[in-house]
**Student:** 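Just dropping this structure here.
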Amino acid sequence: MSQHAALPARYDHVGSFLRPKYLLEAREQKAKGEITHEQLRTVEDKAIAEIVKFQEDVGLKSITDGEFRRTYFHIDFLDQLGGVKTDIPVTIRKPDGTEELAPPVLRVIDKVTHTKDIQRADFEFLKAQVGAGRTPKVTIPSPTMLHFRGGRAGISKVAYPELDPAFYDDVAKAYGDELRSLAAAGCTYVQMDDTNLAYLCDEHMREAARQRGDDPNELPHRYAAFINKVVAQKPAGMTLAMHLCRGNFKSTHAASGNYEPVAEALLQEMDLDAYFMEYDDARSGDFKPLRYLPKGKTVVLGLVTTKFDQMEDKDALKRRIDEAAKYAPLEQLALSPQCGFSSTVHGNNIAVEAQRAKLRLVIDTAREVWGDA
């Protein structure tokens with residue numbers, strides 16, 4: 001296999017899996033005060049050991065804990081940073097009379113700091129479950145999540161009268177501390193999950209950014225500089241990737257649009273090793289933005305959907321890989337599902353057994369395209 005940004009294989013996955021029923025029940029018990037945190041963690045340990053075995057049996061080389069200890073892909077991590085507060089979700093009534101739970105809102109209320117190791121104990125448990133020849137991968141939210149949703153209004157003006165450079169430096173330092181903590185535990189592969197750059201491909205989201213006082217044309221470049229502050233603190237020997245997501249709550253998406261508005265900042269300006277890019281349907285646009293991919297980086301094509309059970313055709317996937325290779329060298333491409341199967345505890349509307357079938361399709365297709373991947 002040719003060298004490609006130190007990824008474990010030409011096939012990969014984004015990280016989250018459908019939670020088993022017994023784990024969901026235990027979480028409900030914990031919420032009601034019927035079991036302790038330690039008792040819940042014992043149940044989580046059992047579920048994680050099982051999902052690690054599942055990933056190894058299916059043939060994956062990078063292994064996650066399925067995000068089984070989280071409710072949301074981002075809140076559970078960011079809420080543990082000093083200076084960050086989550087507003088409790090509330091039930092809202094929609095115009096049609098139905099009710100839904102509004103997502104929790106993150107606010108920066110003080111200086112952002114790394115007050116404790118956030119993922120280290122979870123990683124150490126994961127690492128102990130993973131067999132030889134495979135790489136345990138940690139997934140964390142992108143630091144841009146602390147800015148984009150609320151913009152300037154979501155960040156304390158007392159703590160940060162000006163955002164640049166103090167806010168960006170503090171967040172990057174907190175992330176650097178976390179990466180160093182993980183590296184000390186033996187972690188070599190971290191994936192940051194970012195919805196914001198993909199949202200900036202959608203005109204409705206771009207207009208929302210304008211209404212908050214941000215320039216959607218400037219933001220991708222500002223975020224590239226922000227991400228690079230984190231990358232500058234990356235420990236030696238660690239692969240740092242980014243997954244771009246347009247929303248994945250219960251098989252829905254929040255944004256659409258070609259990557260063109262962010263491609264140059266994303267692929268050329270960010271000093272990342274790899275990018276997981278959603279390309280499972282028409283909402284992601286064409287592959288032309290891949291022309292910005294420089295040497296030494298890898299794009300993992302998310303061609304297989306995790307939103308629905310319907311299986312993709314292997315030959316059609318190969319044709320799409322060939323199409324992408326018109327804009328970026330084939331040796332700098334890899335294959336994965338477009339997102340996780342359960343970005344929140346609620347899970348996508350997909351059958352449990354479809355996870356195996358989708359992942360086997362990814363692995364088999366990659367091996368046929370790139371050889372011994």
Side-chain angles (χ1 to χ4, degrees), residues 5-9 11-17 19 41 44-45 47-56 60-81 114-146 171-195 227 230-231 233-245 248 272-276 298 300 334 336-337 339-345:
L7 293 183
Y11 47 85
D12 212 321
H13 64 117
V14 172
S16 65
F17 289 95
R19 277 58 158 180
R41 194 165 182 90
E44 291 172 344
D45 289 350
I48 290 168
E50 291 174 354
I51 201 63
V52 166
K53 185 177 187 305
F54 164 82
Q55 293 170 77
E56 292 182 342
L60 291 169
K61 295 297 185 182
S62 73
I63 309 294
T64 72
D65 65 4
E67 300 185 4
F68 280 3
R69 303 194 197 275
R70 298 185 191 173
T71 301
Y72 294 90
F73 81 94
H74 57 320
I75 296 290
D76 302 66
F77 177 93
L78 295 172
D79 199 39
Q80 296 187 68
L81 292 172
H114 185 262
T115 60
K116 61 180 179 180
D117 295 338
I118 300 175
Q119 292 290 142
R120 180 163 180 162
D122 295 347
F123 171 76
E124 288 173 340
F125 179 82
L126 172 64
K127 182 183 176 184
Q129 309 305 309
V130 174
R134 292 177 169 83
T135 303
K137 176 169 75 168
V138 172
T139 61
I140 61 176
S142 167
T144 66
M145 304 295 292
L146 287 175
V171 176
K173 172 63 164 54
Y175 266 72
D177 288 344
E178 180 66 12
L179 294 180
R180 284 184 283 272
S181 164
L182 287 167
C187 179
T188 61
Y189 188 9
V190 174
Q191 170 191 302
M192 298 189 296
D193 295 312
D194 191 301
T195 61
I227 293 295
V230 175
V231 177
Q233 302 189 51
K234 181 184 72 169
M238 178 179 284
T239 296
L240 192 59
M242 174 179 284
H243 169 241
L244 288 97
C245 177
N248 192 46
L272 295 164
D273 299 306
Y275 307 87
F276 288 73
T298 296
V300 187
S336 76
C339 198
F341 294 92
S342 188
S343 297
T344 72
V345 70

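Side chains included, hydrogens not; waters and symmetry mates left out as well; all remaining heavy atoms used.
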**Student:** Heavy-atom distance under 4.5 Å between the side chains of T115 and L81, does that happen here?
**Tutor:** no
**Student:** Does T64 reach the side chain of H13, with side-chain heavy atoms less than 4.5 Å apart?
**Tutor:** yes
**Student:** For residues H114 and A174, report the shortest heavy-atom separation together with the two atoms involved.
**Tutor:** CD2-O, 3.4 Å
**Student:** Strictly distance-based, threshold 3.5 Å: is any side-chain N or O of R134 a donor or acceptor partner for the main-chain N or O of L60?
**Tutor:** yes
**Student:** Return yes if a side-chain donor-acceptor contact under 3.5 Å exists between S62 and D12, otherwise no.
**Tutor:** yes
**Student:** Going from NZ on K127 to OG1 on T188, what distance comes out if it is rounded to the nearest 0.5 angstrom?
**Tutor:** 9.0 Å
**Student:** Measure from NZ or CZ of R69 to the centre of the six-membered ring of F125, then state whether that distance is under 6.0 Å and the direction lies within 45° of the axis.
**Tutor:** yes
**Student:** Would the F17 and F68 ring centres measure less than 6.0 Å apart?
**Tutor:** no
**Student:** So, E67 versus T139: side-chain donor-acceptor pair below 3.5 Å or not?
**Tutor:** yes
**Student:** Take K61 and Y11 through the side-chain contact (heavy atoms from CB on, under 4.5 Å) test and state the conclusion after the steps.
**Tutor:** CA-CA 8 Å; K61 295 297 185 182; Y11 47 85; 3.6 Å; yes
**Student:** Where do V14 and K137 come nearest, in terms of heavy atoms and distance?
**Tutor:** O-NZ, 4.2 Å
**Student:** Answer whether the closest heavy-atom distance between the side chains of D65 and V52 falls below 4.5 Å.
**Tutor:** no
**Student:** Flag the pair L7 / V300 as yes when at least one side-chain heavy-atom distance between them is below 4.5 Å, and no otherwise.
**Tutor:** yes
**Student:** Could you tell me which non-hydrogen atom of M192 sits nearest to which non-hydrogen atom of P143, and how far apart they are?
**Tutor:** SD-CD, 3.8 Å
**Student:** Does the side chain of S342 come within less than 4.5 Å of R19's, by heavy atoms?
**Tutor:** yes
**Student:** Side-chain contact, heavy-atom cut-off 4.5 Å: F276 with Q191?
**Tutor:** yes
**Student:** Is the shortest side-chain heavy-atom distance between S142 and I227 below 4.5 Å?
**Tutor:** yes
**Student:** Nearest 0.5 Å, please: how far is NZ in K116 from CG in D177?
**Tutor:** 14.5 Å
**Student:** Please confirm whether the backbone N or O of A241 pairs with a side-chain atom of D273, one donor and one acceptor, at under 3.5 Å?
**Tutor:** no
**Student:** Indicate whether the side chain of K173 and that of Q233 have a donor and an acceptor atom separated by less than 3.5 Å.
**Tutor:** no
**Student:** Working to the nearest 0.5 angstrom, can you tell me the gap between Q129 CD and E124 CD?
**Tutor:** 12.5 Å
**Student:** Side chains of D194 and H243: does their closest heavy-atom pair fall under 4.5 Å?
**Tutor:** no
**Student:** Quick one: list whatever passes side-chain contact (heavy atoms from CB on, under 4.5 Å) with Q119, sequence neighbours left out.
**Tutor:** R70, F77, D122, V138, I140, E178, L182
**Student:** Please identify which of these residues, V190, L272, T144, meets the side-chain contact (heavy atoms from CB on, under 4.5 Å) condition with M242.
**Tutor:** L272
**Student:** Restricting to non-hydrogen atoms, name the atom on Y175 and the atom on P141 that form the minimum distance, rounded to 0.1 Å.
**Tutor:** OH-O, 2.6 Å
**Student:** Indicate yes or no: does D117 engage R180 in a salt bridge with an N to O separation below 4.0 Å.
**Tutor:** no
